[in-house]
Amino acid sequence: MTAQTITAADTRINARWLIPIEPFGVVLEHQAVILQGNRILAVVPAATADHQFRTRETLNLDQHVVMPGLINLHGHTAMSLFRGLADDLPLMDWLNNHIWPAEARFVSEPFVLDGSRLAMAEMLRTGTTTFSDMYFFPEITAQLAHDIGMRAQVCFPLLDHPSPWGSGPEEYLRKGAELIRHWRNDSFVMPAVGPHAPYTVSDRWLAAGAELAGHTGVALQIHLHETAFEVEQALQTTGKRPVSRLAELGVLGQNSQYVHMTQIDDADLAHLTQAGGHVVHCPESNLKLASGFCPVQQLAEHGINMTIGTDGAASNNDLDLFGELKTAAMLAKAVAGNAAAVSAHHALAMATLNGARALGRDHELGSLVAGKLADLIAVDLGDPFIQPVYDPASHLVYSNHGRAVSHSWINGVPQVQNGELTRIDVPDLTLRVREWRNKILS
Ligand SMILES: [Zn+2]
């Protein structure tokens, strides 16, 4: 018998259950995740770890499931300050008569700073470690994400109209190019181009946004085919469905992310499969605004990478991605007329590895594999009202709530410990949010 070499490392997490996402559909029991610096050094059976590693700290999570941190691929973080401000309205009424006027009055650097912090606190607390944002003053959100240590794709907004952030598309593109230059090599902040939607950005600026994304190598994210009305109106004004128009303008591509996609015909599907890109499914926003239903199972069967997002808290009204997974899995079955559509494991992959793939970072995020970045969470399945546990994957999607997340690490740094946020002062945040409520109400 040869002597075992013992490797020193930082942290050992003993997990009752572990869902690594890679390989797909697997639930392991009694595993140890070994962290060293900002990486996962090993994922091995606990008994094996005893012989192989000596760590500075050990955490025993004996009623928990450990999995990769969740990736929320679409939202408008600062809009958390508008949570519950206008409900029960269709998209265009909601935007034209409530959200856009409120934004014109209140959106500013301090608004985005406090709103983004509120959103990040909620996302961290409910298991999200990477999010995507599309909002004004993206430089504020980018800096905050970097300072807190959360991963964020920050899409600068591009639209024809002026906003509190700029006078119009030329200024947005100039500021956006600066955002990309500043952050493009950062591990936490992924700058991206965010043309709002086909109906708010004219051809010239859509093409310019795609050109900027193309030559800088960053992603582009756009709301697309959110409602039947959007498609009908486009047919009347341009004679084309928005997907066809975007294909002609060079907006579709491997680095593009299409948010919503509730209206899809065969020609749209052909464009998407030919050009590539990723669909971001936001089921709760679609349900709340009565926008329509994304055919998730059908798109997945055509090889399209399906990811998930909450959208902003003004149209959801929370950022709990576990809740979104339950809605996505259930809605997919109803839409497909097939109870096997979007299984629990499929839903979990949408919120992890598929999201990482859309960000071009599946080589280092989205699954618990040795060598990847240490972005992971633990979910406490000890709650009496989710007993008994036969299948942790089923519980995560169908019985769980994001607040059962007990621990999270991003880049190896603890962000949630025993259900408490480590890097955000929640009492101070609550006071600031109350002040915003009073201001917005008055
Ligand atoms: Zn949105």
Side-chain angles (χ1 to χ4, degrees), residues 71-87 89-96 98-100 102-103 107 112 115-116 118-120 122-123 128 130-138 141 152-159 161 163 165 172 192-201 206 209 219-227 229-231 242 246 251 256-263 277-294 306-321 323-324 327-328 350-351 355 358-359:
I71 298 176
N72 182 351
L73 213 66
H74 179 65
H76 312 278
T77 49
M79 290 184 80
S80 283
L81 289 177
F82 293 142
R83 186 198 322 265
L85 181 66
D87 295 326
L89 298 164
L91 177 66
M92 283 305 157
D93 185 6
W94 180 76
L95 279 176
N96 287 317
H98 299 271
I99 294 303
W100 286 342
E103 285 182 333
V107 172
V112 170
S116 294
L118 173 63
M120 287 184 214
E122 183 186 0
M123 288 192 280
T128 293
T130 300
F131 67 96
S132 181
D133 179 53
M134 180 196 285
Y135 211 59
F136 307 108
F137 302 100
T141 307
Q153 171 177 265
V154 180
C155 310
F156 75 84
L158 175 60
L159 64 168
H161 304 293
S163 75
W165 188 55
Y172 300 142
V193 182
H196 173 262
Y199 57 90
T200 48
V201 193
L206 281 170
L220 176 151
Q221 184 176 91
I222 184 167
H223 296 104
L224 185 57
H225 287 208
E226 184 168 359
T227 62
F229 175 77
E230 172 191 333
V231 177
L246 296 196
V251 176
S256 295
Q257 303 158 7
Y258 321 119
V259 182
H260 299 307
M261 297 305 296
T262 73
Q263 314 293 318
H278 315 269
V279 168
V280 189
H281 180 37
C282 300
E284 293 187 357
S285 174
N286 295 157
L287 285 165
K288 183 161 184 265
L289 297 168
S291 297
F293 308 115
C294 175
M306 296 302 301
T307 71
I308 189 156
T310 54
D311 214 339
S315 66
N316 185 303
N317 293 358
D318 65 63
L319 307 180
D320 176 358
L321 206 57
E324 204 75 24
T327 308
M350 284 171 68
L359 296 169

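In listed order, ligands and their atoms are each counted from 1.
Taking the Zn ion (ligand 1) as reference, Asp311 places its N/O/S atom OD1 nearest.
In summary, an N, O or S atom of His76 is located under 2.8 Å from the Zn ion (ligand 1).
Checked against the 6.0 Å centroid threshold, His225 and His223 do not count as a close aromatic pair.
Under the 4.0 Å criterion applied to side-chain N and carboxylate O atoms, Lys288 and Asp87 are assigned as salt-bridge partners.
Here the shortest heavy-atom pairing between Thr141 and Met120 reads O-CE, 3.8 Å.
Side chain of Ser315 to main chain of Leu289: no donor-acceptor pair is present (N/O by atom type, distance under 3.5 Å, no hydrogens or angles).
Between His74 atom NE2 and His223 atom NE2, the angle centred on the Zn ion (ligand 1) amounts to 90° (nearest 10°).
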